[in-house]
Amino acid sequence: MNSFRPPERTLMGPGPSDVSPRVLAALGQPTIGHLDPEFIRMMDQIKALLQYAFQTKNEMTLAVSAPGSAGMECCFVNLVEPGDTVIVAQNGAFGGRMKENVERCGATPIMVEHAWGKAIDPNKAEDALKANPDAKVLAFVQAETATGVLSDAAALTTLAKAHDCLTIVDSVTALGGSPLNVDEWGIDAIYSGTQKCLSCTPGLSPVSFSDAAVEVIKNRKSKVQSWFLDLNLVMGYWGEGAKRTYHHTAPINPLYALHESLLILKEEGLENAWARHTRNHLALRTGIEAMGLSLIVEEASRLPQMNAVSVPDGVDEAALRSELLRDFNLEIGAGLGALAGKIWRLGLMGHSSNPTNVLLCLGAMDTVLTSMGANIQSGVAVEKARAFYKSNG
Ligand SMILES: *Cc1c(COP(=O)(O)O)cnc(C)c1O
């Protein structure tokens with residue numbers, strides 16, 4: 001056996017995204033103790049950087065030592081108790097996992113179903129809030145990675161507030177890529193991931209909880225069912241000024257990487273990052289449409305960092321992905337669930353959201369689809385996208 005040497009890929013799927021060399025370099029720095037004063041100083045900076053990324057002053061803002069799915073579970077197990085009612089507005093794969101979480105907390109999920117590929121309809125959410133006055137939480141996914149749909153989180157949170165309901169928001173794919181203002185929008189509990197628009201390595205989950213959510217957690221009738229994710233215990237470790245006590249050994253080097261990726265975001269500026277994601281999305285879309293392909297999501301709710309492209313008739317979608325990987329070192333995503341075999345998912349997340357990747361992807365797709373004999377407009381996509389960039393400097 002030899003040391004593992006991964007190939008150099010361009011990652012344009014649903015995550016992980018390309019990791020910046022700066023982040024990889026941070027990861028390789030010497031490991032120090034997790035209670036070392038220098039490490040604690042860095043953890044405090046991570047908290048401040050996360051507060052910036054989430055646009056919040058929430059004291060309870062930290063990175064859970066596990067991937068986005070654990071951040072989801074952290075929000076549910078801390079806020080939801082047996083016997084509670086939780087409204088879940090579902091429009092893709094991840095809302096289904098929210099339902100699982102609610103059930104495993106011993107609570108009752110009220111599902112507000114939407115077709116895959118559609119944004120969450122605030123009217124439907126409002127009907128459910130009216131019909132379930134005892135509901136404690138409204139949960140939804142802001143950026144549905146399975147379909148490439150952006151929902152109106154501000155409108156949904158406002159409705160929840162009007163019905164005295166807390167909110168749990170999945171911002172795994174939104175954070176760093178789409179506008180998100182936790183305090184202004186009044187979000188109570190939010191979780192994200194590191195490997196989407198933060199372009200860090202996978203395995204950590206930024207979370208943030210409002211004061212109202214913290215009050216609910218402190219006044220629980222029952223113990224949080226998960227020892228590891230119980231925020232009452234985790235805060236003894238992450239708490240500002242708290243004398244840090246051992247809870248678990250923090251993933252030290254991955255936290256160096258998160259620190260660096262958040263610093264990169266801060267240096268760029270949130271608004272600039274959001275604008276960059278939109279610009280590259282529009283260039284990609286120009287090329288995709290020039291080829292004669294189409295995006296499945298209607299324009300108003302398209303998620304710039306995740307583009308769902310319909311597979312043309314007669315094309316073997318898996319074969320295209322294999323050829324892109326083999327010949328171009330380019331990874332794109334397949335469809336999930338109801339959309340398996342019907343779409344490709346082109347991610348433009350974080351460090352991956354750049355003109356070079358857009359042009360590489362369009363050129364590679366054009367070449368492979370043409371060689372497969374697909375019914376597309378060949379040889380125009382790259383030029384149209386370049387023209388877009390030139391006229392939208
Ligand atoms: C990726 C993703 C998750 C899960 O994150 P993991 O880090 O894979 O556990 C949850 N929700 C959404 C919307 C995602 O895109």
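Both counts, for ligands and for their atoms, begin at 1 and track the order of listing. Source: prediction; values computed, not measured.
Proximity of P14 to ligand 1, defined as any heavy-atom pair under 4.0 Å, is not found for any part of the residue. Neither the backbone nor the side chain of M72 comes within contact range of ligand 1; no heavy atom lies under 4.0 Å.
Taking every heavy atom of G68 and a limit of under 4.0 angstrom, the matching atoms of ligand 1 come to 5 (O), 6 (P), 7 (O), 9 (O). Here is the list of ligand 1 atoms found below 4.0 Å of a heavy atom in Q195: 6 (P), 7 (O), 8 (O). Numbered from 1 in the order shown, with element, the atoms of ligand 1 that lie under 4.0 Å from a heavy atom of T145 read 12 (C), 13 (C), 14 (C), 15 (O). For ligand 1, the atoms closer than 4.0 angstrom to any heavy atom of S69 are 4 (C), 5 (O), 6 (P), 9 (O). The distance from ligand 1 to the heavy atoms of P67 drops below 4.0 Å at these ligand atoms: 6 (P), 7 (O), 9 (O). Within ligand 1, the atoms closer than 4.0 Å to a non-hydrogen atom of T173 are 15 (O), numbered from 1 in the order shown.
Scanning the protein for heavy atoms near atom 11 (N) of ligand 1, the closest one is D170 OD2, 2.7 Å. The protein atom (non-hydrogen) at minimum distance from atom 3 (C) of ligand 1 is F94 CE2, 3.5 Å.
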- Item | Stepwise side chain to side chain donor-acceptor pair (under 3.5 Å) check, S352 with S17 | CA-CA 6 Å; S352 292; S17 56; 4.7 Å; no
- K118 and E298: salt bridge (Lys or Arg N to Asp or Glu O under 4.0 Å), yes or no, with the steps? CA-CA 8 Å; K118 295 280 179 222; E298 60 198 16; 3.7 Å; yes
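Ligand 1 has K196 within reach: a non-hydrogen atom of the residue lies less than 4.0 Å from it. Look at A143 and you'll find a heavy atom under 4.0 Å from some atom of ligand 1.
Scanning both residues, N58 and Q51, for their nearest heavy atoms gives O-NE2, 2.8 Å. L348 and P304 get closest at one heavy-atom pair: CB-O, 4.1 Å.
Checked for salt-bridge contact, R285 and E299 meet the test: a charged N lies under 4.0 Å from a carboxylate O. We find that K221 and D84 are not joined by a salt bridge, their nearest charged nitrogen and carboxylate oxygen being 4.0 Å or further apart.
With N101 contributing its side chain and F76 its backbone, the two residues share no donor-acceptor pair below 3.5 Å.
Between W227 and H247, the gap from one ring centroid to the other is short of 6.0 Å.
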